[in-house]
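If you're wondering where the values come from, they're calculated on a predicted model, not measured in any experiment. Reminder, nothing fancy here: chain letters follow the sequence lines and each chain counts from 1.
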Amino acid sequence: MQSAIVSTVVDIVNDLFGIQETHVDLQETRKEFKGDLTLVVFPYLRASKKSPEATASAIGDALVERHQDVIGYNVVKGFLNIVLSDHPVQVAFDQMTLDPNWGIQPLNDHLPAAMVEYSSPNTNKPLHLGHIRNNLLGYSVAQLIKATGKPVVQVQIINDRGVHICKSMVAWKRFAEGETPEHTGIKGDHLVGKYYVRFDQQLKAEVKDLVAAGVAEDEAVKSAPCMIEVQQMLKDWEAGDPATLALWTKMNTWVYEGFNTTYSRLGVQFDKNYYESDTYLLGKQDIESGLGKGIFYRREDGSVWIDLTAEGLDEKLVLRQDGTSVYMTQDIGTAIQRFKDFKLDSLTYVVGNEQDYHFKVLFLILKRLGYTWADKLSHLSYGMVDLPSGRMKSREGTVVDADDLLDEMENAAKTVSEELGKVEGLSEKERTTLYTTIGHGALKYFILKVDPKKRMVFNPEESIDFNGNTGPFLQYTHARICSILKKAKYLKDWTWDHVTLSSKEREVIKLLAKFPSTVQHAAQEQNPSEVASYLYDLAKSYNGFYQVHSVINAETPHIAAFRASLSTQVAGVLSRGLLLLGIEAPKQM
RNA sequence: GGUCCCGUAGCUCAGCUGGAUAGAGCAUCUGCCUUCUAAGCAGACGGUCGCGCGUUCGAAUCGCGCCGGGAUCACCA
């Protein structure tokens with residue numbers, strides 16, 4: 001809608017003031033002023049040698065004369081507000097009605113894929129609020145990229161081995177008396193988490209005894225019987241001891257069943273899971289070959305390092321002196337593996353900002369190793385989720401469990417829906433689905449509307465609010481439109497000859513027209529919050545229209561049919577946009 | 001201590017590459033349902049954009065210095 005005007009303005013400025021601009025910046029006119037587009041003329045004063053007002057008027061006059069869509073202008077100080085005719089708005093509207101999936105690019109399977117890694121849990125405890133932000137961001141970013149036409153591979157790396165899971169295993173062996181999810185009815189990941197906590201208690205008790213017997217605190221932690229058992233179990237696991245492996249498999253299977261339940265509730269899914277038990281040895285080869293090329297160096301004690309001080313970072317260990325790998329080592333190996341597994345155009349790690357340094361180093365090392373794709377790696381670094389009381393602390397039991405939270409959201413949706421009497425005529429099953437849709441919509445929107453980079457505060461009470469700038473508000477706007485459209489099915493025929501746009505209608509169409517570029521930009525920035533605020537603006541604007549215009553009882557059948565069509569577009573954009581955030585838009589609520 | 005991130009209304013957040021009197025929601029107060037769902041709409045109240053310099057015709061936005069908060073700098077993951 002703007003591009004044609006921009007080039008005309010460029011020509012005018014150049015002709016009038018004898019300069020050679022290649023681009024001018026037109027912005028949308030702020031609501032309190034009349035007009036559609038605004039040119040700030042201050043940059044041209046030097047060339048025009050006139051006052052801001054005179055400069056603006058000169059450009060405005062020329063624009064009215066040269067561009068048929070410009071029907072007027074006004075000048076406020078150095079701001080030229082350009083008034084457009086309805087024509088470009090009508091053209092924009094016609095265009096979006098042609099494509100039922102307008103704003104979403106069709107998938108092009110021939111393009112190399114974008115890989116998005118997210119979630120990536122440990123298998124010793126259930127998912128919590130922090131994982132929820134991670135999952136929602138990862139999933140949404142994947143949908144955004146997909147909406148630009150690029151195939152996406154969603155993956156997670158599951159930290160299924162190591163000390164942490166041995167702790168749960170030791171405690172289970174000692175105290176569980178054979179408890180299983182089946183006969184306790186406890187969800188698998190919660191059951192394993194229970195024994196992880198149990199281990200911690202046991203360790204504390206044993207350490208306390210040792211300290212009382214005169215052992216130093218840090219020594220006591222290492223020599224506590226349960227800790228010795230963990231170390232032994234880790235060795236057994238690495239040696240492939242069948243009994244240990246059997247227990248490990250059994251408990252991890254419980255956890256995965258639990259995780260899958262939560263993932264499915266959240267509506268996220270993965271195309272491939274990487275397991276650390278498979279990948280933890282990866283990378284060592286790459287270090288060895290890099291050692292040959294002089295990228296790494298070996299110290300006298302045998303440990304291997306890389307010197308990143310030239311880039312303002314530190315020296316970083318990549319192999320221990322006993323030759324075993326560290327976290328960095330396997331991340332190097334896993335990245336390389338992934339580019340072998342898939343034809344990838346990019347790889348995005350959705351990981352909290354406490355690992356900023358780690359990824360800086362990782363990307364740098366891969367670049368030093370000479371991988372051309374190293375600059376296609378990105379770290380979607382998001383801020384921590386705090387509670388009003390401060391940071392979540394597992395030791396203080398302030399961690400918000402993911403399953404509990406989803407339950408609460410569903411219950412809150414149920415309470416509110418029933419109070420408002422919104423569920424009449426729905427079957428029991430439909431009601432349950434609706435509560436889930438609304439409850440989850442509220443949670444997802446609450447989290448995704450915030451810029452990922454920023455640390456955010458999660459207030460359980462406020463997230464349950466369904467009024468104002470919330471997911472249910474957007475869902476409600478959608479549902480209300482659906483309700484109108486159901487009654488307005490017969491309204492089809494209209495033409496622009498019989499419809500004049502009201503200011504509200506114009507505003508809605510102008511907003512609708514921004515949907516594709518909003519999606520594009522959000523995908524590029526890997527920022528779902530841009531879509532969230534856009535959808536809020538759209539819903540707000542549509543509700544303003546709804547308040548003053550009737551669709552069904554419009555002045556003429558043509559206008560009614562046009563408004564039905566306009567409403568259809570809004571509902572479509574809302575529902576497609578919400579889907580990018582992993583939120584469903586109900587037809588009734 | 002080094003490096004990085006953050007600081008906008010009582011609270012939670014928007015403010016794209018610098019542009020007009022800094023915007024929403026919640027909370028508080030006022031109106032609007034015999035008319036397409038009031039989970040809505042309209043309005044009021046509320047801000048030295050952490051502080052101070054500087055660059056600029058113009059700074060919440062860019063630069064520097066402070067103050068306050070957080071993260072990170074492990075032969076941990």
What pairs of nitrogen or oxygen atoms, one from the protein and one from nucleotides 67-73 of chain B, lie under 3.5 Å apart?
unit_1, atom_1, unit_2, atom_2, d
B:rG70, O2', A:Arg455, NH1, 2.7
B:rA71, OP1, A:Arg391, NH1, 2.7
B:rC73, O2', A:Asp314, OD2, 2.8

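The OH-P distance, from A:Tyr435 to B:rA39, rounds to 15 Å in whole Å. Straight-line distance from the NE2 atom of A:His521 to the P atom of B:rG15: 11 Å, rounded to whole Å. Here the P atom of nucleotide B:rG40 and the CD1 atom of A:Ile484 are 16 Å apart, to the nearest Å. Atom NZ of A:Lys504 is separated from atom P of B:rC41 by 10 Å (rounded to the nearest Å). In this structure, A:Phe562 atom CZ and B:rC36 atom P are separated by 21 Å, rounded to whole Å. For the pair A:Phe458 CZ and B:rC11 C1', the interatomic distance rounds to 15 Å; values are reported in whole Å. Nucleotide B:rA39 holds its C1' atom 9 Å from the CZ atom of A:Arg480, rounded to whole Å. Atom NZ of A:Lys454 is separated from atom C1' of B:rU61 by 12 Å (rounded to the nearest Å).
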Heavy atoms under 4.0 Å is the rule here; annotate nucleotides 23-32 of chain B 5' to 3' with B where the base is hit, S where only the sugar-phosphate is, and - elsewhere.
SSSS------
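Comparing B:rA20, B:rC41, B:rC57 by their nearest atom to the side chain of A:Phe473 picks out B:rC41. In this structure, the nucleotide among B:rA14, B:rA39, B:rC41 sitting nearest to the side chain of A:Val450 is B:rA14. Of the candidate nucleotides B:rC57, B:rA39, B:rU17, B:rC57 has the atom nearest to the side chain of A:Phe42. Nearest to the side chain of A:Asn553, among B:rU35, B:rA14, B:rA77, sits B:rU35. Closest to the A:Lys77 side chain, of the nucleotides B:rA20, B:rA39, B:rC36, is B:rA20. Nearest to the side-chain atoms of A:Val40 among the listed nucleotides B:rG19, B:rG40, B:rC4 stands B:rG19. Here B:rG40 is the nucleotide among B:rG40, B:rC4, B:rC13 with the atom lying nearest to any side-chain atom of A:Tyr476. The A:Phe33 side chain lies nearest to B:rA20 when the options are B:rA39, B:rA20, B:rU37.
Between A:Ser483 and the phosphate of B:rU37, there is a side-chain N or O to OP1/OP2 separation shorter than 4.0 Å. Put simply, A:Arg161 has no side-chain N or O that comes within less than 4.0 Å of OP1 or OP2 on B:rA77. Phosphate proximity of B:rU12 to A:Asn459: absent, as no side-chain N or O sits under 4.0 Å from OP1 or OP2. Using a 4.0 Å cut-off, no side-chain N or O of A:Tyr280 falls inside it from OP1 or OP2 of B:rA77.
Using a 4.0 Å cut-off between charged side-chain N and carboxylate O, A:Glu315 and A:Arg299 make a salt bridge. Using a cutoff of 4.0 Å between basic side-chain nitrogens and carboxylate oxygens, A:Arg563 and A:Glu505 are scored as salt-bridged. Under the 4.0 Å criterion applied to side-chain N and carboxylate O atoms, A:Asp189 and A:Lys125 are not assigned as salt-bridge partners. A:Lys414 and A:Glu418 are joined by a salt bridge, as a carboxylate oxygen and a charged side-chain nitrogen come within less than 4.0 angstrom of each other. Ion pairing of A:Arg506 with A:Asp36 is present here, as a side-chain N (NZ or NE/NH1/NH2) and a carboxylate O approach within less than 4.0 Å.
Annotation: cation-pi pair A:Arg161/A:Tyr275 absent, no NZ/CZ under 6.0 Å from the ring centroid and within 45° of its normal. Taking the ring axis of A:Trp305 as reference, the NZ or CZ atom of A:Arg298 does not stay both within 45° of it and closer than 6.0 Å to the ring centre.
Partners of A:Arg480 under the side chain to side chain contact (heavy atoms under 4.5 Å, CB included) rule, at least two apart in sequence or in another chain, are A:Tyr476, A:Asn543, A:Tyr546. In terms of the ring-ring contact (aromatic ring centres under 6.0 Å, His included) criterion, A:His164 has no residue partners (sequence neighbours excluded).
At the heavy-atom level, A:Ile438 lies under 4.0 Å from base atoms of the strands shown. Within 4.0 Å of A:Val457, counting heavy atoms only, lie sugar-phosphate atoms of the nucleic acid but no base atom. In this structure, A:Ala479 reaches the bases: a heavy-atom distance under 4.0 Å links it to at least one base atom across the strands shown.
When the P atom is compared between B:rA39 and B:rA27, the two are found 14 Å apart, to the nearest whole Å. For B:rG47 and B:rC41, the P atoms lie 25 Å apart once the distance is rounded to whole Å. Rounded to whole Å, the separation between the P atoms of B:rA60 and B:rG52 comes to 12 Å. For the P atom pair drawn from B:rC53 and B:rA14, the interatomic distance equals 29 Å after rounding to whole Å. Between the P atoms of B:rC33 and B:rA38, the separation comes to 12 Å (whole Å). One P atom belongs to B:rG65, the other to B:rU3, and the distance between them is 10 Å to the nearest Å. A gap of 29 Å separates the P atoms of B:rU48 and B:rC57, to the nearest Å. Taking atom P in both B:rC4 and B:rG19, the straight-line distance is 26 Å, to the nearest Å.
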Could you go step by step and tell me if A:Gln526 and A:Leu137 meet the side-chain contact (heavy atoms from CB on, under 4.5 Å) rule?
CA-CA 9 Å; A:Gln526 305 192 324; A:Leu137 279 172; over 6 Å; no
Going through the distances and angles, do A:Ile583 and A:Leu448 end up as a side-chain contact (heavy atoms from CB on, under 4.5 Å)?
CA-CA 10 Å; A:Ile583 300 171; A:Leu448 289 176; 5.6 Å; no
Kindly indicate, with the supporting measurements, whether the criterion salt bridge (Lys or Arg N to Asp or Glu O under 4.0 Å) is fulfilled by A:Arg320 and A:Asp322.
CA-CA 5 Å; A:Arg320 295 196 184 97; A:Asp322 61 3; 5.1 Å; no
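Stem list for RNA chain B (at least 3 consecutive Watson-Crick or G-U pairs, distances under 3.5 Å): B:1-7 with B:67-73, B:10-13 with B:23-26, B:28-32 with B:40-44, B:50-54 with B:62-66.
Two residues, A:Lys453 and A:Asp322, neighbour RNA chain B, and the one matched to the more 5' nucleotide by heavy-atom proximity is A:Lys453.
In terms of heavy atoms, A:Ile228 sits closest to A:Lys222 at CD1-O, 4.0 Å. Residues A:Ile59 and A:Leu80 share a closest heavy-atom pair of CG2-CD2, 3.8 Å. Of all the heavy atoms in A:Met251 and A:Ser168, the pair that sits closest is CE-O, 3.6 Å.
One can find a donor-acceptor pair under 3.5 Å joining the base of B:rA20 and the side-chain atoms of A:Thr38.
Ring to ring, A:Tyr445 and A:Phe473 are not that close: their centroids are 6.0 angstrom or more apart. Close placement of the A:Phe359 and A:Tyr349 rings is indicated, their centers lying within 6.0 Å of each other.
Here A:Phe79 packs flat against the base of B:rA20; its ring centre is closer than 5.5 angstrom to the base's six-membered ring, tilted by less than 30 degrees.
Of the residues in residues 117-132 of chain A, not one comes within less than 4.0 Å of RNA chain B through any heavy atom.
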